[in-house]
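Notes follow the structure.
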Amino acid sequence: MTREPTVAEQSHPNYVKVWGVLVALLAVSVVGPMFEIKLVTLVTAFGVAILKAYLVARNFMHLHIERRYVTYLLVGMVALMLLLFAGVAPDVMKHEGHQWKNEAAQKVVRDAAPAAKVH
Amino acid sequence: MLTRYVEAASSYAQDIDGLITLITVLVGFWFLVAQAVLFGLIFRFRAKQGVKAQYISGEEKSQKRWVTIPHMLVLVCDVFIIVGAVRVWTDVKQTLPPADHTVRIVSQQWAWTFIQPGPDGKLDTEDDIKTIDELHVKEGATYHFQLLSRDVLHSFSVPAFRLKQDAVPGRLITGWFKPTRPGAYDIQCAEICGIGHGIMAARLFVETPEEHQKWMEKLSPVARAPTPQAEAEQENTPPAEGASAGAGAE
Amino acid sequence: MSASAPAGTDSSAPHGHPEEGFFRKYLWSTDHKIIAMQYLLTGMAMALIGGFTVYAFRMQVAFPGESVPGFGQVTPGAYNALVTSHGTVMIFWVAMPVLIAAFGNYLIPLMIGCDDMVFPRLNRLSYQIFLLSAVVFIATFFVDGGAFGGAWTAYPPLSTKPEYSLTPLGAPLWLIAVALEFVAFLIGGINFVTTVMNSRAPGMKMFDVPIVVWMIIAASILFMASIGPLIAGAMMMLMDQLAGTHFYDPTQGGDPVLWQHLFWFFGHPEVYVVLFPALGIVAEVITVFARKKLFAYKTVLYTAIGTCVLSFFVWAHHQFVAGIDPRMANVFSVTTLLISVPIAEMLFVFIATLYGGSIRLATPMLWALAFLVEFLLGGVTGIFLGASAADIYFHDTYFVVAHFHYTFFPIAFIAVFAGLTYWFPKMFGRMMNETLGKIHFWGTVIPFNFIFIPLFITGASGDHRRIYNYNHFPDLARPELQDLRVLATVALVVLLAFQLVFLVNFFWSMRKGRKAEANPWKANTLEWAAASPPPHGNFAELPTVYRGPYEYSVPDRPDDYWPQHMPG
Amino acid sequence: MKPIATTRSATGIPTGRLAVWWVMASEIVIFGGLLAAYVMHRLGHPEWSNQAIHTNTWLGALNTLVLLTSSLFAVLAHQAAEHGEGRKAARLLLATAGGALVFLVVKSFEWSHEIAAGYTLTSNTFWSFYYTAAGLHAVHVIAGLVIMLVVAADAAKNRELQRVELIGLYWHFVDIVWIFLFPLLYIAK
């Protein structure tokens, strides 16, 4: 079943170059956290991860030339996960709240050896 | 309105019953209107010989008004209910009035254990009074309860008090109630907790201050006697986490 | 969006099929209609199990301690297993397969004018995984320790620790069965959505698609979006049960409340997943039997999409008193009361459709109208539970049970009977018997109210759910409450008995019913353009669509219907 | 013999690709649910960094590099398939599959060392999440590997060339999941 040449034919990014950028970003995300600075770690590790995900999605998955609602669908699902996190974190992440205390979890945190360095 | 089915024996029972009455009125009105319109239309527009149905797209403003106006009114009723609900909820679940007494409620697979401070008024002291499946409280006093579970989810539910709070293993949940009518009321478990869930019945006795005092004296001197003392001692260590497997009913 | 495939290939005669034996034709078929029948019959068989389990434990509640005829002595462990199995079977193995998979598989290709689903083999695979899940679930009754007894919500630690649930094999098997069912519906859902998005008949624009197809698609998308976290949660629970991890054990860094959140994040969209197909069926039946255009088609569509989005913001109203932070309850109470508004609007639209109609009370229409009547009470009593403070009293009482039966019973039975009696002529080429239909209708709807109105009252009086024997509670052992429980059980037995009338009518008419022509109800949608029952490949000539599905009683036209595929 | 339904494309997106987007949407919420649960627990238990120290960041980084390269081969295979060069697409798909194999080898090497050092699935809830998340991802890598070999076999005979793009899309998704798993499991020390 031959495919008629899609409009993507012309706007194919140079894949090897994109790959190079991704590898460079990988190096950044490995080196960054070595400085033990919390903010630097956050930016290099997680910021870079989001950037790499964007590059793969845009250039390798051709989302930039795909129908717009496909991107809305995928981003919508990610937003749903943030909503889940927002709704559940006050109960699971925190071990204390309004008129309740998660004593067992607090005990687990207290008993563990003091963290070498707080992440 | 709810008191026709269950007694109101705590201070906030009236607030919750009032909210339920408000909801019944608002929701009942819309229910009856909708049913009346529905049956009216069925009867009015039943198939008659030679009468064709009308062609109404419902897209024009004038036609859609028939749906959007009730739609808005329902929204307005919802706002009233929300305001009522949030107000009562903050009184019952989000504020802790100063406590005259505190009781620790320990739920486990298939029994309720109540630990009340003895005459010295402080928990975790020798003279604590520990009762199984029986809770004696004084009418008119504000009680804080510390609710915890030793094994699975349970739920401390006193219908007469309009009180319900799940006991989650690992969590200590505080709440309050203030008994207002002497009498004996049911305590039920409202969260399925295994084969004994249906037999986890306990009784809650609301006594006048004098009766309560008599009960306290009757129990605490007896509690001085060695045997229950040692037993109370052993039981009284703060609730061990990771409770022993499936402790049978006391 | 014109169809890119050239029209020529569309109208070619459907590809012929070599003559197939019984196995290939019925058990190994990739024809969407056969797969729909497989889902329907499996769903009906599981409904018998669901019916039997509720009979057994209701008899125990009404006549505590006595041996139940047909079951024997109901022990506390058996009671919990029966309650759990009733809930699980009725939602996962009756409501979802019949409403989404059976009606979806049967109607979608026919109503959008194409010959089959886009992935026929994947469609067959999803049924086979579903059948496997049903078999695994039935196996839980026979493993030692008995079936899982921790309610269909399977809250840990009761569900993860065998020493608490006392069903070491029942719990993991239950979870595996439910997980398999999720996989089946994930695969099925993707098939449905892709088919409707891509394979609509030429000329069928977005607003020419019948509401029932839209609703089944909305249900599939809602299911796919909400099931993810629960699949992750189920995997974590399975490892807690079998591999000894501690995801839900608070003393080892886990949290039981996490499962409740993951479960209800799926749980509430799930009730709309089963509600939407039912609303779609009711919309189709009402418009045909009132000979009226659906009132405000776009409003129904946008309200449905609005409900889908809003349904992800309400889940914690199941957990007001479950140990979540009380401040969160206010947020969820507001969103819960807001979501009752679009549902109310959809019901208003269906009622408004009746205005100016010419209503013929054939059996399908009776069922559709009964759905509106009963579902109104179901929706209305939800407000009591959505208001956080009132839920303190009503949570986990029989008031909640009565509320969700006034929504689930119309969804899973009344709407399904409306759909079955309406599409029976298309499925089997024969009409169902009207008198038997009416006997079954009144014999179901009247007892149904006599079951759950008493349960509203016992619930308001303090009856809690899943209690084995109410005599243990002095306040509840009052004779007038016990009479209500007995009344509910007797009404249940009457209701179950009348279902025999339906089974007789269903299987007898399949062979002996009056012959039905292609369009017995004079409806507009495309499935009535095919023969009854449609051959493999559905249409002799694939239809082209010229107008919307609800052009009934168009002024200055001789007959009061105008099929979608009829040119100008 | 496909039904006519599969050939239609009212949305302009070929049916296969449309289905893959929907598969990806449901995979996002599955991995999303698991990672949300992990992040919540991780932020709630700062002491887990005592456990997280023992994850081998270098092997994680190597695996990320392997998957990125494998993704490159996948998109080159898709480009070849678009030009109708079935044999070239098949060879590139095999290279992608090779990347998957290397990934699995590195992971099994990494896991065997961690388990030997006593960090098993049940030793701590951090490790439970670590093995569950990375395990689920590994299962997806294996599934992608198998499908890739089947698609490559067809592509070599110039049949079903559009499937090269579909398996490529799935593979990029598996790569993106690992792009997020890497910092969460390996860098958050």
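Proteins come first, then strands; the chains are lettered A, B, ... in the order of their sequence lines, and each starts at number 1.
- Looking at D116(C), its side chain never comes within 3.5 Å of a backbone N or O of P3(D) through a donor-acceptor pair.
- Neither the backbone nor the side chain of I227(C) comes within contact range of chain D, judged by heavy atoms closer than 4.5 Å.
- Per-residue counts of heavy-atom pairs under 4.5 Å with chain D were compared for G189(C), G113(C), G233(C), S199(C); the largest is that of S199(C).
- Heavy-atom minimum distance, A37(D) versus L258(C): CB-CD2, 3.9 Å.
- The contact between F119(C) and chain D is made entirely by side chain atoms (from C-beta outward), counting heavy-atom distances below 4.5 Å.
- For A243(C), the parts sitting under 4.5 Å from any heavy atom of chain D are the backbone and the side chain alike.
- The backbone N or O of T11(D) sits less than 3.5 Å from a side-chain atom of N198(C), completing a donor-acceptor pair.
- Among the candidates P109(C), A232(C), S226(C), the residue making the largest number of heavy-atom pairs closer than 4.5 Å to chain D is A232(C).
- When all heavy atoms are compared, the tightest approach of G253(C) to W48(D) is O-CZ2, 4.1 Å.
- The line from CG of L121(D) to OG1 of T245(C) is 6.0 Å long, rounded to the nearest 0.5 Å.
- At least one side-chain heavy atom of R8(D) sits less than 4.5 Å from a side-chain heavy atom of C114(C).
- For D255(C), the parts sitting under 4.5 Å from any heavy atom of chain D are the backbone and the side chain alike.
- Here the OG-CZ distance, from S26(D) to F223(C), works out to 10.0 Å after rounding to the nearest 0.5 Å.
- Residue T195(C) does not touch chain D at all, counting heavy-atom pairs closer than 4.5 Å.
- Heavy-atom distances place both the backbone and the side chain of M197(C) under 4.5 Å from chain D.
- For M117(C), the part lying near chain D is the backbone, with the side chain staying farther off; criterion is any non-hydrogen pair under 4.5 Å.
- At a threshold of 4.5 Å between non-hydrogen side-chain atoms, the residues L34(D) and M236(C) count as touching.
- Within the 4.5 angstrom heavy-atom criterion, only side-chain atoms of M235(C), from C-beta onward, approach chain D.
- A side-chain donor-acceptor contact under 3.5 Å links T125(D) to the backbone of Q252(C).
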